[in-house]
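Notes follow the structure.
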Amino acid sequence: MSGCATGGTGARDEGPAHSDSVAGVAEASTPSPSATADDHVNAVKLVMDDPKVSTAVKHELKPCVADEYAVDVSYGMLTGGTANDVVVNVMTCGDAVGIGSYVYRDTGGTYENVFKAEEPRSTRR
């Protein structure tokens, strides 16, 4: 366990980890895997055309090597719709730090942004 900060004693600050089980903790649900092999969206176009995505994230979204973008795309049943949702994670090129995550729901052949979480470089400390 290492971090970027200097000083302190790292993980020791919090004390030893306990192996006791915790009663009453609900297990997190996992998204259903993609049911069809023909799921494929142009994630870069989806993000760039989305008015809910900040200008700062769009500015960071550029090819890293040749025409490869630092995006991760997953498909699954997340929002209870009838089709697979699309999860797009946008990262920086050099260090693959996440700067934006988005969930899109298929609504009759078009994708609607139903979730976003952004932390573009300009707002990170």
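Count residues from 1 along the sequence.
Between the OG1 atom in T82 and the CG atom in D106 there is a gap of 7.0 Å [rounded to 0.5 Å]. Here the CG-OG1 distance, from L61 to T92, works out to 11.5 Å after rounding to the nearest 0.5 Å.
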Show your working on side-chain contact (heavy atoms from CB on, under 4.5 Å) between D85 and V87 and close with a plain yes or no. CA-CA 7 Å; D85 300 304; V87 179; 5.6 Å; no
Determine, stepwise, if the pair N113 / Y111 fulfils side-chain contact (heavy atoms from CB on, under 4.5 Å). CA-CA 7 Å; N113 182 327; Y111 289 94; over 6 Å; no
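In terms of the side-chain hydrogen bond (donor to acceptor under 3.5 Å, both in side chains) criterion, T55 has no residue partners (sequence neighbours excluded). Residues satisfying the side-chain hydrogen bond (donor to acceptor under 3.5 Å, both in side chains) criterion with K62, sequence neighbours excluded, are absent altogether.
Nearest heavy atom pair, residue K58 against residue V53, reads CE-O, 3.5 Å.
In this structure, M91 and V71 have side chains that are not in contact, with every pair of non-hydrogen atoms separated by 4.5 Å or more. Counting only heavy atoms from C-beta outward, the side chains of V86 and V88 approach each other to under 4.5 Å. Looking at heavy atoms from C-beta onward, V90 lies out of side-chain contact with E60 at the 4.5 angstrom threshold.
Across T107, L78, T79, a single residue satisfies side chain to side chain contact (heavy atoms under 4.5 Å, CB included) together with V114, and that is T79. With K45 as reference, D49 is the one residue of V47, D49, V41 to meet the side chain to side chain contact (heavy atoms under 4.5 Å, CB included) rule. Applying the side chain to side chain contact (heavy atoms under 4.5 Å, CB included) test between Y69 and each of C64, P63, C93 identifies P63 as the sole match.
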Can you give me every donor-acceptor pair (side chain of residues 96-105, partner residue at least two apart or in another chain, under 3.5 Å) with its distance?
residue: S101; atom: OG; partner: N89; partner atom: OD1; Å: 2.6
residue: Y102; atom: OH; partner: E118; partner atom: OE2; Å: 2.6
residue: Y104; atom: OH; partner: D50; partner atom: OD2; Å: 2.7

